[in-house]
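Reminder, nothing fancy here: chain letters follow the sequence lines and each chain counts from 1.
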Amino acid sequence: MNRNRVSPFGENPPPYYSYGEEVEKFDDYYDDALNSVVSGENIPTKKNPIIDNVNDSVLRRRRSRRSARKLRRHQQLLEGESNEPDVIVDDDDEDDDEDDLRTRIEQKKGPGHWTPFLHERRAKLLQKEIKQSSGCCGGSNTNRQNWRKFKIWKKEMSYKLEPWGSWLKNVEGHQGTGVVSYFVFLRWLFFLNLVIFILMLLFVTIPYVAFSNNGYTYVVTGSGVSGMSVASEQTCSPLYQVNVSSDAKTLIQDFLQGSGWMEKTAMFYGFYDSQDLNSFVAGHYSLPLAYLLTSLVILLFSLITMARYTMQSFRENLEDQNEKHQYCNRVFGGWDFALSEEGTAVLKHRSLYKDLAGELAEQRHHEARKNMSSNDKCRLYTIRFFINFMVICILGGSGYLIYWVTDWVTSFLADPNYKTNNDAIVVLLVEFLPSLTITALNGIVPLIFGIVVKAENYTPEFTIKITLIRTVFLRLASLAVLIATIYRIVSCTDKETTCNVGQNACDSLRCWETYVGQNFFKLIVLDFLVKVGVTLGYELPRKILTTKCDAAICKKIGLAEFDIPKNVLDIVYTQTLCWLGFFYAPLIPALATISMFVLFYLKYLSAMYNTNPPEIPYKASKSNNFFMIVLMIAFFLCCLPVGYTMVKLTPSYGCGPFRIYSYMTVCVDATISNFPSWLQTIIGIFTSGSFIIILLVLLSLIIYYTSSKSGARAKMIVMLKEQMIMEGKDKQFLLNRIYELTGEKPGAKKKDNKRPPSNGPRNGPPPSAVKTVNEVHQNGNVSKDNDLTPVDDVPEVVPYNDPDDSTRKTAETAFKREVTPVDWDQVPGDENTNRTTSTVTATNVAFDF
Amino acid sequence: MKYRLEFCDVISKDNMGGGSSIFTKQELDDYQELTYFTKKEIHHVYKRFKSLAPNPEAVTKATKLSRDELYALPEIKVNPFKDRIVRVFSSSGDDSMTFEDFLDMMSVFCDHAPLAIKIEYAFRIYDFDEDDSLGREDLRKLIDRLTGEMKLGESDMEQLIQAVIEESDLDNDDGLSFAEFEHKMTKNPEFVTSFRIRM
């Protein structure tokens, strides 16, 4: 193997003899085109380098006898260093052959451009290092080394900090990447909740517990702020009492439903006070302001992290909706290289087979379906209509059930003597009834959806989608109904004037925010218990049944499948509860964090031992987008009630950090009123209506600008794609020309499917038929070809651009797509040309083409 | 479980400073530079390499593992393209691997390898006849191996191959060149997640 770049011409190779250049240029051209597709820049104005160079590249290129494997050794050290033109030619490469042009031009990375083996890269690296160390610039070198060390350190740290890495690996080996994406999502949500919890803890709970309070100073009351009254607080706060029972059973019950002793803990809104706290920093800490701002920051933080997480993969999917990839993706990305279990591999084979066969059958039946008789069509649409109607009815019925149950429970609990009149278990059940109803509906209704969708005769992919959409709808709708019911109770108008507590027909809630918090608290607790229950009480027995029992019926039951969509929706639901509840129960994020943490191990158990991988191949990236969109929708659904509470609802006078304000946002006014007047003026300007309108107009202009830009880019993509296809045709045409002139059949490749293995050029002209430039020069034997301009004198160096080159012009015209004068299939002369004339023709091409 | 234990082993060794006894510092630095692994992971790869040999104690960096020994790696064992993987990464071309080849392979399959590298090696793995183009025969073999014991019917197979070529072949040469393959794979969000072996 020779690394000295020796050309057969000796020490000074002729300037045109450049082995890698045309490929390099082609690379650049391709790169530019592809990059501009991605970045949306202008179409590269460069000429097509293939066409420019084909004349001086075609015959000067040396066909290598080296096999593809051997060729690799001559390549650039690392990927990314390819811009350094490699003019490496072996000594042992005699002048007798020519490079396999077709192969090299066709590929962005020809066989010679494969990444070399590690030990070869290392040898090159060592060489480079020796060169560098003998060089002058020691100072920058150490700097660079330090930087490199730092980067490596950073990399190592980031690997180290990746939690559950080996767990994920195990799951991946057992279940495949689809299931792992669920675990990654779960881990991501765990961290999101952890951050939310820490924010709440740091800025709300700890200050309130740790700092002594200064009472209602100017920091919280402000100066001259309307909608603020300390007096009603002082009468109402003592009225808010909680019965704390000493009975152990009731204590546990209270723990589960967030009532009794739990109600007055840091868990709930009612625990906090609106007083000014004596912090270390300035001696003042306005808890209401901190509470409000922390909540807003949490919402904003969630939104930003979600957007970042979604956009990463979303962009990829958006980029290319029009193009079809379904088969390519299935075939080339089908196997999961991470699988390491034999059983899973068998399942994967089966799943791939089913997927491919199903898709093909689907494609075939698609046509048939199009031509369905109007009778059948009519029947199908009727069925679909009825089923959709049924689904809406089920959703509506579920909604009404939740509404009715919540309403009934509230009126049941409104009776002051309900605890004494009823058994403790009954009370617990009633307390949990709305949550139970929602959880039960979430469990049962999707099963019904799964059954009815079969009658609708959709495509398999769409079946999954529509079932999911219906399920999501159910989940969100049930929460929406719950919120609406709570809202009705909270905003009940018949209230006494002093403490704003409901009377007569309205339920008397001394601290309605805590009541809301309790509802979500119960939902989260129940949701968690159900998940634990399903894993331990359903999947585990099924596993035991399958493995321990030998009866045929047991075998038939088999293991449960790891249902990714359902599981993901489950955790999205938990997250929704967390977002809804954190404002009313600041420590709910802690519960969600714990829930996610435990769930990780539970699901790990279930994925590793209790379930089989899903049979339907799960497209992680696409579905992840779908789940993130669901999460986003859920998020905005959560923002609505929380935002409404902050701005429009009157807080309870007897509890919570906003008890002295008529609206929660008044605390911001109070804080602003303490600012110096110039700052107040500035804030006044920025929050005035006229400023907001200007801002909105500006934003819509930006949106308009970006959307029109993206539209233009979409057009550009289409154009570039067409251009790429045209180029492929150009190439085809030129190659055909070459083969025609060198005497080989251009169509040979297509007819001959069984190509020779790699040790040898695949389809070039035979070595004997082609002479090198040197030989040609010596011979000086030039003949005419009716297509080409005759050249009398043989130039030493062929000009880079031959202005009289008719072929090139034709090709360029085609390239510009003004006209398409070339009939691609009709390349003349392949039959007539024979081996004896080919030598002459070759020389001709060398000068004229 | 086994791998986790090994990993701990490596950590403890690394912490004691004994980890560098296998490699010189220069070697480690070079490997780190040339692969997508950290030092610790390189040690881990070495452990795995050693564990594949019939006699792990006698393994050195220069030891060549034969094809059958390499097949003992669980991810390779169940992989339908195992012969191709072993072939592509074997620098001697005889399906055996030295440690450097093995490291190279694991580096390509690791999480942190860029998409471009993965695409390149995927192309070479799928190119059964090594003619630098994925022709119909290559696709046929590829699909056959994907579906395992169940084989697609002849008409299904033809239809599928035709569909794949129609989707991806830009220049009508009845096969996928590397550029076409790369173009398709960069648009395939699944590929980067499926073409990997976690360390």
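- Rounding to the nearest 0.5 Å places CG of Leu356(A) at 9.0 Å from CE of Met157(B).
- Both the backbone and the side chain of Glu27(B) have a heavy atom closer than 4.5 Å to some heavy atom of chain A.
- In terms of heavy atoms, Cys328(A) sits closest to Met185(B) at O-CE, 4.3 Å.
- Between chain B and the options Leu360(A), Val331(A), Asp336(A), heavy-atom pairs under 4.5 Å are most frequent for Leu360(A).
- Using a 4.5 Å cut-off between heavy atoms, Ile85(B) contacts chain A through its side chain alone, with no backbone atom that close.
- Of the listed residues (Glu166(B), Lys151(B), Met150(B)), the one with the most heavy-atom contacts under 4.5 Å to chain A is Met150(B).
- Annotation: Glu158(B), atom CD; neighbour count of heavy atoms from other residues, nucleotides and ligands within 6.0 Å is above 12.
- Between the side chain of Tyr353(A) and the backbone N or O of Gly148(B), no donor-acceptor pair lies under 3.5 Å.
- There is no contact between Ile165(B) and chain A, counting heavy-atom distances below 4.5 Å.
- Only the side chain of Val180(A) has a heavy atom closer than 4.5 Å to any heavy atom of chain B.
- Residues Phe332(A) and Val164(B) are in side-chain contact: their nearest non-hydrogen atoms beyond the backbone lie under 4.5 Å apart.
- Atom-to-atom distance recorded for Glu100(B):CD and Arg121(A):CZ is 9.5 Å, nearest 0.5 angstrom.
- The shortest non-hydrogen separation linking Phe191(B) to Gly333(A) is CD1-CA, 4.5 Å.
- Heavy-atom contacts from other residues, nucleotides or ligands closer than 6.0 Å to NZ of Lys82(B) number more than 12.
- Here the straight-line distance linking atom CG of Asn79(B) with atom CZ of Phe337(A) works out to 5.0 Å at 0.5 Å rounding.
- Interface remark: Leu160(B) contributes backbone and side-chain atoms alike to the contact with chain A (heavy atom separation under 4.5 Å).
- With a 4.5 angstrom heavy-atom cutoff, Phe109(B) touches chain A only via side-chain atoms.
- Residues Gln26(B) and Leu126(A) share a closest heavy-atom pair of NE2-CD2, 4.0 Å.
- Of all heavy-atom pairs between Trp335(A) and Val78(B), the closest is CZ2-O, 3.4 Å.
- Contact of Leu146(B) with chain A is made through backbone and side chain together, with heavy-atom distances under 4.5 Å.
- Ser91(B) has its side chain out of reach of Glu120(A): every pair of non-hydrogen atoms, C-beta onward, lies at least 4.5 Å apart.
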